[in-house]
Protein chains: 2
Amino acid sequence: MGYKYNKEDILNVGYDVFRRNGYHNVGINQILKESGIPKGSFYNFFESKEDFAQQVIRQYGETNTDWMKDFFEDCSLSPVECLKSFYSMMMNLNEEDEYSGGCLVNNMSVEVGRQNDLIGSEANQHFIGWLNVLASVIEKGQKSNEITKDFTPLELAEYMHAGFYGVLSRTKVTRNRIYMDIWLEMTFKFIQS
Amino acid sequence: MGYKYNKEDILNVGYDVFRRNGYHNVGINQILKESGIPKGSFYNFFESKEDFAQQVIRQYGETNTDWMKDFFEDCSLSPVECLKSFYSMMMNLNEEDEYSGGCLVNNMSVEVGRQNDLIGSEANQHFIGWLNVLASVIEKGQKSNEITKDFTPLELAEYMHAGFYGVLSRTKVTRNRIYMDIWLEMTFKFIQS
DNA sequence: TAAAATAATTAGACTGTTCTGTTTATATTA
DNA sequence: TAATATAAACAGAACAGTCTAATTATTTTA
């Protein structure tokens with residue numbers, strides 16, 4: 001029989017709270033309240049707020065990479081349709097969430113990515129991991145002549161995903177999915193060969 | 001002879017500090033220290049930190065809109081080349097700044113755009129103002145058959161500028177301009193007819 | 001296997017600092 | 001003189017993080 005609390009549960013609460021409220025706007029007390037653990041337990045598991053945030057990003061990044069890999073492996077459509085379907089799903093999730101969160105990695109990158117090396121590089125690392133997953137799908141699309149060969153898979157992935165984050169961020173103030181929908185249409189019109 | 005301090009000077013300090021450090025990470029005391037004004041004067045001019053931030057965004061938004069209008073009016077190149085030149089300049093500024101700031105409006109949108117209606121809508125409003133300036137240039141490009149007519153000027157502006165913000169945000173963690181350069185190349189390859 | 005020792009976790013009160021914003025008093029300008 | 005600006009002290013809440021102690025789990029020893 002283990003102990004009462006475990007790191008993973010606290011990290012999941014942290015993911016939720018940080019994603020919705022940002023980093024500096026969230027106090028440790030809020031994490032404690034929402035996860036129901038006392039302060040002593042928190043500092044038993046984590047060195048500091050910074051350390052905690054880094055681990056939150058790491059867990060989310062790894063989980064999401066695995067999820068993306070599975071999604072594209074299980075997708076039986078063409079590479080382009082798989083990518084469209086992936087982004088549509090992301091957009092639906094964001095809409096269901098009333099555009100309140102966006103992506104934790106993007107939010108953290110923008111808010112503290114430059115001030116805090118630990119958090120910044122952790123966020124960048126996982127972003128690159130996702131790009132590699134996307135690039136492998138794009139490469140397939142290039143081989144089947146669906147996607148332009150004017151740029152490398154990684155260049156296209158970087159272009160596409162950074163652009164997606166751009167429109168995703170926009171929805172935080174527009175609170176409207178129309179711009180995301182147009183983005184999807186335009187992007188896939190552009191990258192097809 | 002006027003009074004010792006004026007609102008505009010304090011707003012400029014606020015712009016600089018907020019852009020580099022974000023909103024919640026900055027205390028009023030830091031603004032006071034860097035602008036040299038005492039707290040009493042600050043609260044004489046501004047109702048609250050929130051009110052101050054809103055006015056900072058407003059001033060920056062208006063100034064930048066004017067600046068953009070002038071830039072495109074004075075630009076003697078073709079619409080596409082003017083747009084390229086505009087984004088190149090933005091990228092150069094960001095590089096000179098060692099990728100430490102990004103755009104205040106984007107930063108604020110991502111960090112507090114969803115929690116704070118006042119700041120969120122102020123940021124959105126000015127973003128839309130910029131889009132309109134860009135859209136009028138794009139429209140010229142469509143009329144001279146430089147730019148695709150598959151989408152409206154505003155749709156293209158939204159796509160382009162949100163995408164630019166996406167890559168701009170990326171530089172906060174990559175600290176490398178290469179992705180911005182590729183973005184520029186790709187975007188203008190895509191939108192040309 | 002049972003008792004003893006050690007290690008890890010849980011618990012929350014507490015510390016010193018910083019936060020936004022107020023208040024009161026004085027100085028400046030019109 | 002009347003309105004506004006400046007100045008600094010002040011208030012109360014919130015901040016990250018520490019501390020001591022109690023409890024629970026695990027390992028060691030008899």
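The figures that follow rest on heavy atoms only: side chains count, while hydrogens, waters and symmetry mates do not. Throughout, a chain's letter reflects where its sequence line sits, starting with A, and its residues are numbered from 1.
Separating the OH atom of A:Y5 from the P atom of D:dA25 is a distance of 13 Å, rounded to the nearest angstrom. Rounding to whole angstrom units, NZ of residue B:K33 and P of C:dT18 are separated by 10 Å. Rounding to whole angstrom units, CD1 of residue B:I31 and C1' of C:dG21 are separated by 15 Å. A:E50 places its CD atom 18 Å from the P atom of D:dC15, with the value rounded to the nearest Å. The distance from atom CD1 of A:I28 to atom P of D:dT18 is 11 Å, rounded to the nearest whole Å. Rounded to whole angstrom, the span from the NZ atom of B:K7 across to the P atom of D:dT4 amounts to 14 Å. Between the CD1 atom of B:I37 and the P atom of D:dA8 there is a distance of 12 Å, given to the nearest Å. Between A:N29 atom CG and C:dC14 atom P there is a gap of 15 Å when expressed in whole angstrom units.
Closest to the side chain of A:S41, from the set D:dT6, C:dC19, C:dT10, is C:dT10. Each of C:dG21, D:dT6, D:dG17 was ranked by its minimum atom distance to the side chain of A:S48; first place goes to D:dG17. Closest to the side chain of B:F45, out of D:dA16, D:dT6, C:dT22, is D:dT6.
Side-chain N/O atoms of A:K4 include one lying less than 4.0 angstrom from OP1 or OP2 on C:dA11. Checking the phosphate oxygens (OP1, OP2) of C:dA8, no side-chain nitrogen or oxygen of A:N44 falls inside 4.0 Å. At D:dA5, none of the side-chain N or O atoms of B:Y43 fall inside 4.0 Å of OP1 or OP2 (strictly under the cut-off).
In this structure, the side chain of B:K172 does not engage the main chain of A:S109 through any donor-acceptor pair within 3.5 Å. In terms of modelled atom types and a separation under 3.5 Å, the side chain of B:D97 and the main chain of B:Y99 share no donor-acceptor contact. Side-chain N or O atoms of A:Q142 include one that pairs as donor or acceptor with a backbone N or O of A:F151 at under 3.5 Å.
As judged by a 4.0 angstrom heavy-atom cut-off over every strand, A:K49 is placed among residues touching the sugar-phosphate backbone only. At a threshold of 4.0 angstrom between heavy atoms, the contacts of A:G27 are confined to the sugar-phosphate backbone, with no base atom among them.
The stretch residues 51-59 of chain A has no heavy atom under 4.0 angstrom from DNA chain D at all.
Ring-plane geometry between B:F46 and B:F52 is classed as perpendicular, the angle between the planes exceeding 60 degrees on a 0 to 90 degree scale with a lower cut at 30.
Considering every non-hydrogen atom in both B:L32 and B:P38, the closest pair reads CD2-O, 4.1 Å. Nearest heavy atoms, B:G14 versus B:I31: CA-CD1, 4.0 Å.
Comparing A:N25 and A:G40 against DNA chain D, the residue whose closest nucleotide sits nearer the 5' end is A:N25. Mapping B:K39 and A:H24 onto DNA chain D by nearest heavy atom places B:K39 at the nucleotide closer to the 5' end.
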Q: For the pair B:N64 and B:H126, evaluate side chain to side chain contact (heavy atoms under 4.5 Å, CB included) and give the outcome as yes or no after the intermediate values.
A: CA-CA 9 Å; B:N64 207 51; B:H126 294 288; over 6 Å; no
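B:Y60 pairs with exactly one of B:W67, B:Y15, B:F127 by the ring pair (Phe, Tyr, Trp, His ring centres under 6.0 Å) rule, that one being B:Y15.
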